[in-house]
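So the structure is just underneath, and the comments pick up after that.
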Amino acid sequence: MGKPYPVELRQRVVAHVELGNTHRSAAARYDVSVKFVNDMVKLKRETGSLSAKPQGNPGVGKLTPHADWVRSKVDAKGDITLDELVVLLADEKQISAHHATVGRLLQRLGLTHKKRPAGA
């Protein structure tokens with residue numbers, strides 16, 4: 001994930017537009033996209049601030065409400081695979097989830113899992 005533009009640049013871009021210049025000229029002058037200029041002018045108008053919004057997912061996914069259930073399944077059968085958990089989620093909870101989503105939940109919970117079934 002990239003870093004947000006500095007607040008100083010955001011301020012200069014908006015000030016350029018507020019002086020009566022076009023969004024295109026601000027984009028060309030500061031080497032940013034016209035969409036960025038539009039977004040900054042809109043952000044300033046709506047919030048009064050140009051600070052960047054938080055990036056990324058704060059760790060809340062569609063499986064978070066079922067974390068206790070997943071933990072109980074892993075505790076009951078310690079060698080359960082991600083694919084087995086995906087099947088159990090679909091069968092018992094009617095939740096469609098990719099094995100990577102289940103893996104990220106297990107990481108957040110601090111649980112380990114068997115990477116592949118025996119004999120594979």
Side-chain angles (χ1 to χ4, degrees):
M1 188 174 313
K3 293 184 178 181
Y5 284 114
V7 174
E8 294 80 17
L9 175 64
R10 294 164 174 250
Q11 291 168 341
R12 281 187 247 131
V13 166
V14 171
H16 188 77
V17 171
E18 288 174 345
L19 290 174
N21 296 297
T22 65
H23 290 210
R24 286 181 187 264
S25 71
R29 178 176 179 141
Y30 294 102
D31 197 26
V32 294
S33 69
V34 175
K35 180 173 180 350
F36 172 76
V37 177
N38 293 341
D39 290 346
M40 291 303 102
V41 171
K42 181 179 176 185
L43 183 65
K44 176 74 172 185
R45 182 177 60 238
E46 292 177 354
T47 67
S49 172
L50 290 172
S51 60
K53 296 176 185 173
Q55 293 184 356
N57 185 340
V60 178
K62 70 178 177 180
L63 297 181
T64 301
H66 307 284
D68 292 334
W69 181 86
V70 171
R71 183 184 300 275
S72 70
K73 293 298 178 185
V74 172
D75 289 343
K77 183 181 177 194
D79 62 346
I80 194 166
T81 64
L82 292 178
D83 291 331
E84 290 172 340
L85 279 171
V86 168
V87 170
L88 284 173
L89 280 166
D91 291 346
E92 295 182 21
K93 295 287 187 176
Q94 289 73 42
I95 297 173
S96 173
H98 193 269
H99 68 269
T101 305
V102 176
R104 284 190 295 273
L105 175 66
L106 292 179
Q107 277 186 325
R108 283 196 310 268
L109 295 175
L111 300 173
T112 59
H113 63 281
K114 193 171 181 178
K115 294 185 176 40
R116 55 192 148 107

To the closest 0.5 Å, what do you measure between [atom1] ([X]) and [atom2] ([Y])?
| X | Y | atom1 | atom2 | result |
| --- | --- | --- | --- | --- |
| Arg12 | Arg29 | CZ | CZ | 9.5 Å |
| His66 | Ile95 | NE2 | CD1 | 3.0 Å |
| His99 | Leu89 | NE2 | CG | 13.5 Å |
| Asp39 | Leu50 | CG | CG | 11.5 Å |
| Ser51 | Gln11 | OG | CD | 10.0 Å |
| Leu85 | Glu92 | CG | CD | 10.0 Å |

Minimum heavy-atom distance [X]-[Y], with the two atoms named:
| X | Y | result |
| --- | --- | --- |
| Val86 | Ala97 | CG1-O, 3.2 Å |
| His16 | Ser25 | NE2-OG, 3.4 Å |
| Gln55 | Lys3 | NE2-C, 4.2 Å |
| Val17 | Thr22 | CG2-O, 4.4 Å |

Flag side-chain contact, heavy atom, 4.5 Å: [X] against [Y]:
| X | Y | answer |
| --- | --- | --- |
| Met40 | Val32 | no |
| Lys53 | Leu43 | yes |
| Thr64 | Arg108 | yes |
| Leu88 | Trp69 | yes |
| Val70 | Leu63 | no |

For the pair Lys62 (side chain) and Ser96 (backbone), establish whether a donor and an acceptor sit closer than 3.5 Å, ignoring hydrogens and angles.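 Pair found, side chain donor or acceptor close to backbone of Ser96.
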Spell out, as yes or no, whether a donor-acceptor pair under 3.5 Å connects the side chain of Arg24 to the backbone of Val34.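 Not at all, since once roles are kept as given, no pair shorter than 3.5 Å links the two residues.
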If you draw a 6.0 Å radius around CG in Asp31, do more than 12 non-hydrogen atoms from other residues or ligands fall strictly inside?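 12 or below, so no.
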Using a strict cut-off of less than 4.0 Å between a Lys/Arg side-chain nitrogen and an Asp/Glu carboxylate oxygen, indicate whether Glu84 and Lys77 qualify as a salt bridge.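 Looking at Glu84 and Lys77, the cut-off is met.
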